[in-house]
Asker: 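Here you go, one structure.
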Amino acid sequence: MEQLFSIGDVAKLFHLSVSSLRHYEALGLLTPERVDPNTGYRSYSIRQFEVLNTIRYLRALDMPLEEIADFLRDRDVERIEEKLSRQREAVLQRQRELERVRRKIDNRLHQLREARTAVLDSAELICAPACRMVWMADRLRPRSFLDMEASIRRLEGPNTEALVFLGKVGVCISEEHLCREEFSQYDGSFLLLDREDHYDGPFLSLPETQCVRLRFRGSHGDAPARYRFLTAYIRAHSLKITGFSREITLIDNGLTPDSEKFVTEISIPVENTEGQ
């Protein structure tokens with residue numbers, strides 16, 4: 001008589017759970033050699049081993065069970081070649097997506113490390129790299145991160161992906177109000193996009209820009225005094241404001257409840273007026 005194996009024995013031989021074997025049966029991938037009508041006891045023969053080997057191989061390639069069941073119903077060389085080709089492209093697409101996510105994580109880690117080690121309350125002249133920015137006119141008086149939520153939702157729209165990583169949303173004061181030293185209210189909010197971000201909608205492409213930058217311990221409610229410091233620095237160094245400010249809280253309540261660890265950055269575009 002042909003040797004038969006219990007469901008428990010087969011599970012051990014193939015390093016699977018009994019529930020997995022029952023799931024394969026329910027999907028039509030694996031039919032036991034015999035099922036006792038009285039006890040429901042399932043027995044498997046060597047014939048099922050070949051099917052299990054195929055299932056394990058295709059699962060190791062991350063092929064969905066539904067695709068495997070479709071193949072097992074009509075096994076053919078051309079069909080498996082087609083399925084493997086499609087699975088290969090799916091794997092390559094996931095690799096590309098994972099690489100994109102890795103770069104976004106690297107961007108965020110770089111930003112966090114810079115924020116934690118930054119020299120605070122000191123103005124510096126920097127060259128801000130070219131960037132893409134989603135900008136929205138929005139009269140705001142945020143005193144904490146909670147006051148930003150409504151603006152964030154409007155910026156987000158259908159593009160939820162761009163806001164997955166924190167620290168990209170900011171507020172700005174117009175060039176006109178900066179020059180008049182009116183810092184009590186913001187003129188807009190923005191979403192600063194990574195190069196890896198996919199955004200469906202209009203955005204600004206800003207060139208590489210010379211800026212005066214300052215980082216400080218605190219959040220938006222602590223910013224007015226820093227704006228006064230920055231505009232005084234700009235005047236003292238014969239610089240001219242040439243655009244709206246960019247204010248981003250790099251470390252906020254989304255990362256820590258300890259407000260003593262909050263770090264906010266303000267950048268103001270400038271140009272040198274000496275010799276003009």
Asker: Does R235 have any salt bridge (charged side-chain N to carboxylate O under 4.0 Å, His left out) partners at least two apart in sequence or in another chain, and if so, which?
Answerer: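 If we apply the salt bridge (charged side-chain N to carboxylate O under 4.0 Å, His left out) test to R235, skipping adjacent residues, the hits are E181.
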Asker: Going by an N to O cut-off under 4.0 Å, is there a salt bridge joining D194 and R103?
Answerer: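 The answer is no: the pair does not qualify as a salt bridge.
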Asker: Heavy-atom distance under 4.5 Å between the side chains of R42 and D36, does that happen here?
Answerer: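 Heavy-atom side-chain distance check fails, nothing below 4.5 Å.
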Asker: Could you tell me whether the side chain of S219 and the main chain of G221 form a donor-acceptor pair under 3.5 Å?
Answerer: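 No; judged by distance alone, with no hydrogens or angles, the pair does not exist.
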Asker: Does F190 reach the side chain of V134, with side-chain heavy atoms less than 4.5 Å apart?
Answerer: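 Sidechains of V134 and F190: no contact.
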Asker: In the structure I gave you, are the side-chain heavy atoms of V51 and I55 within less than 4.5 Å of one another anywhere?
Answerer: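 Yes; the side chains approach each other to less than 4.5 Å.
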Asker: Quick one: side chains of residues 209-216, donor-acceptor pairs under 3.5 Å with protein atoms, not counting sequence neighbours, listed by atom name and distance.
Answerer:
residue: T209; atom: OG1; partner: P207; partner atom: O; Å: 2.7
residue: Q210; atom: NE2; partner: V270; partner atom: O; Å: 3.4
residue: R213; atom: NE; partner: E124; partner atom: OE2; Å: 3.3
residue: R213; atom: NH2; partner: E124; partner atom: OE2; Å: 2.8
residue: R215; atom: NE; partner: E265; partner atom: OE1; Å: 2.8
residue: R215; atom: NH2; partner: E114; partner atom: OE1; Å: 2.9
residue: R215; atom: NH2; partner: E265; partner atom: OE1; Å: 2.9

Asker: Quick check: are there more than 12 heavy atoms from other residues, nucleotides or ligands sitting under 6.0 Å from CZ of R96?
Answerer: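 Above 12, so yes.
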Asker: Does CZ in R94 sit with more than 12 non-hydrogen atoms of other residues, nucleotides or ligands closer than 6.0 Å?
Answerer: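 Enclosed: over 12 neighbouring heavy atoms sit under 6.0 Å from CZ of R94.
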Asker: Hey, are the side chains of M63 and Y57 touching, using non-hydrogen atoms and a 4.5 Å cut-off?
Answerer: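 M63 vs Y57: side chains apart.
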Asker: Answer yes if the ring centres of F49 and Y44 are under 6.0 angstrom apart, and no otherwise.
Answerer: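 Not close enough - the centres of the two rings lie 6.0 Å or further apart.
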Asker: If Ile, Leu, Val, Met, Phe, Trp and Tyr residues are connected whenever their side-chain heavy atoms lie under 4.5 Å apart, and connections chain through other members, are I126 and I268 in the same group?
Answerer: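 As far as the 4.5 Å side-chain criterion goes, I268 and I126 are not connected within one cluster.
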Asker: Using the rule that two of Ile, Leu, Val, Met, Phe, Trp, Tyr join whenever any of their side-chain heavy atoms come within less than 4.5 Å, decide whether L206 and W135 are in one cluster.
Answerer: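 Yes, it is one cluster - the side chains of L206 and W135 are joined through contacts under 4.5 Å.
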Asker: Cluster question for you: counting only ILVMFWY and a side-chain heavy-atom cut-off of under 4.5 Å, with indirect links fine, are L21 and L13 together?
Answerer: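 Linked, L21 and L13 end up in one cluster.
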Asker: Between R132 and F203, is there a donor-acceptor pair closer than 3.5 Å when you use the side chain of the first and the backbone of the second?
Answerer: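 No, because the side chain of R132 does not come within donor-acceptor range (under 3.5 Å) of the backbone of F203.
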Asker: If you define the side chain from C-beta out and look only at heavy atoms, does anything of L65 sit under 4.5 Å from H23?
Answerer: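 Counting from C-beta outward, L65 and H23 do come under 4.5 Å.
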Asker: At what distance, to the nearest 0.5 angstrom, does CD1 of I46 lie from CD of E33?
Answerer: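 Separation between the atoms: 10.5 Å.
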Asker: Under 4.5 Å between side-chain heavy atoms, counting indirect links through other Ile/Leu/Val/Met/Phe/Trp/Tyr residues: same cluster for L109 and V101 or not?
Answerer: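 Yes, L109 connects to V101 through the hydrophobic network.
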Asker: Within the distance-only criterion (no hydrogens, no angle test), does the side chain of H237 pair as donor or acceptor with the backbone N or O of Y233 below 3.5 angstrom?
Answerer: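 Side chain of H237 to backbone of Y233, a donor-acceptor pair under 3.5 Å: yes, one is there.
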Asker: Side chain of Q3, backbone of S45: donor and acceptor closer than 3.5 Å?
Answerer: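 Side chain of Q3 to backbone of S45: no pair is present.
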Asker: Checking E82 against S85: is there a side-chain donor and acceptor pair closer than 3.5 Å?
Answerer: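 The criterion, which ignores hydrogens and geometry beyond distance, is not satisfied for E82 and S85.
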Asker: Please confirm whether the backbone N or O of L61 pairs with a side-chain atom of Q87, one donor and one acceptor, at under 3.5 Å?
Answerer: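 It does hold such a pair.
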Asker: Is there a path of hydrophobic side-chain contacts, each under 4.5 Å between heavy atoms of I, L, V, M, F, W or Y residues, that connects V18 with V35?
Answerer: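 Looking at the clustering, V35 is in a separate group from V18.
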Asker: Taking E99 first and then R102, would you say they form a salt bridge - that is, a charged N and a carboxylate O separated by under 4.0 Å?
Answerer: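 Result for this pair is yes, salt bridge flagged.
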Asker: As a quick check of understanding, evaluate side chain to side chain contact (heavy atoms under 4.5 Å, CB included) for I80 and L58, giving each step before the final call.
Answerer: CA-CA 10 Å; I80 193 60; L58 296 177; 4.0 Å; yes
Asker: Give a yes or no on whether E50 atom CD has more than 12 heavy-atom contacts from other residues, nucleotides or ligands under 6.0 Å away.
Answerer: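 No, the 6.0 Å shell around CD holds no more than 12 heavy atoms from other groups.
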Asker: Please find the pair of heavy atoms, one from G170 and one from I248, that lie closest to each other, and give the distance.
Answerer: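 The answer is CA-CG1, 4.1 Å.
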Asker: Would you indicate whether the side-chain heavy atoms of D222 and F262 approach each other to under 4.5 Å?
Answerer: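 No. Closest side-chain heavy atoms not under 4.5 Å.
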Asker: Please answer whether the main-chain N or O of R228 pairs with a side-chain N or O of T231 as donor and acceptor at a distance below 3.5 Å.
Answerer: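 It does hold such a pair.
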Asker: Could you verify whether a donor N or O on one side chain and an acceptor N or O on the other, from T264 and H220, lie under 3.5 Å apart?
Answerer: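 The criterion, which ignores hydrogens and geometry beyond distance, is not satisfied for H220 and T264.
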Asker: For the pair R226 (side chain) and D121 (backbone), establish whether a donor and an acceptor sit closer than 3.5 Å, ignoring hydrogens and angles.
Answerer: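 Between the backbone of D121 and the side chain of R226 there is no qualifying donor-acceptor contact (under 3.5 Å).
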Asker: Checking the side chain of T249 only, and the main-chain atoms of D252 only, is there a donor and an acceptor separated by less than 3.5 Å?
Answerer: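 No, the answer is negative, given that no donor and acceptor are paired below the 3.5 Å cut-off.
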Asker: On a heavy-atom basis, which atom in V263 and which in A115 lie closest, and how many Å separate them?
Answerer: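 Minimum heavy-atom separation between V263 and A115: CG2-O, 3.9 Å.
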Asker: For E271, does its backbone N or O pair with a side-chain atom of T242 as donor and acceptor, under 3.5 Å?
Answerer: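 Here the side-chain-to-backbone pair does not exist.
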Asker: Strictly below 4.0 Å, N to O, side chains only: are E97 and R100 in salt-bridge contact?
Answerer: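 Yes, this pair counts.
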Asker: Using atom types as modelled and distance alone, determine if a side-chain donor or acceptor of D187 lies under 3.5 Å from a backbone N or O of S174.
Answerer: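 Side chain of D187 to backbone of S174: a pair is present.
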Asker: With the side chain counted from C-beta on, respond yes when P32 and E25 share a heavy-atom pair under 4.5 Å apart, and no when they do not.
Answerer: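 In short, these two side chains touch, coming nearer than 4.5 Å.
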Asker: What I'd like to find out is whether the side chain of M133 reaches to under 4.5 Å of the side chain of R246, using heavy atoms alone.
Answerer: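 Yes - at least one pair of side-chain heavy atoms lies under 4.5 Å apart.
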Asker: A quick test of your reading: do over 12 heavy atoms of other residues, nucleotides or ligands sit less than 6.0 Å from CZ of R180?
Answerer: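 Counting other residues, nucleotides and ligands, CZ of R180 exceeds 12 neighbours.
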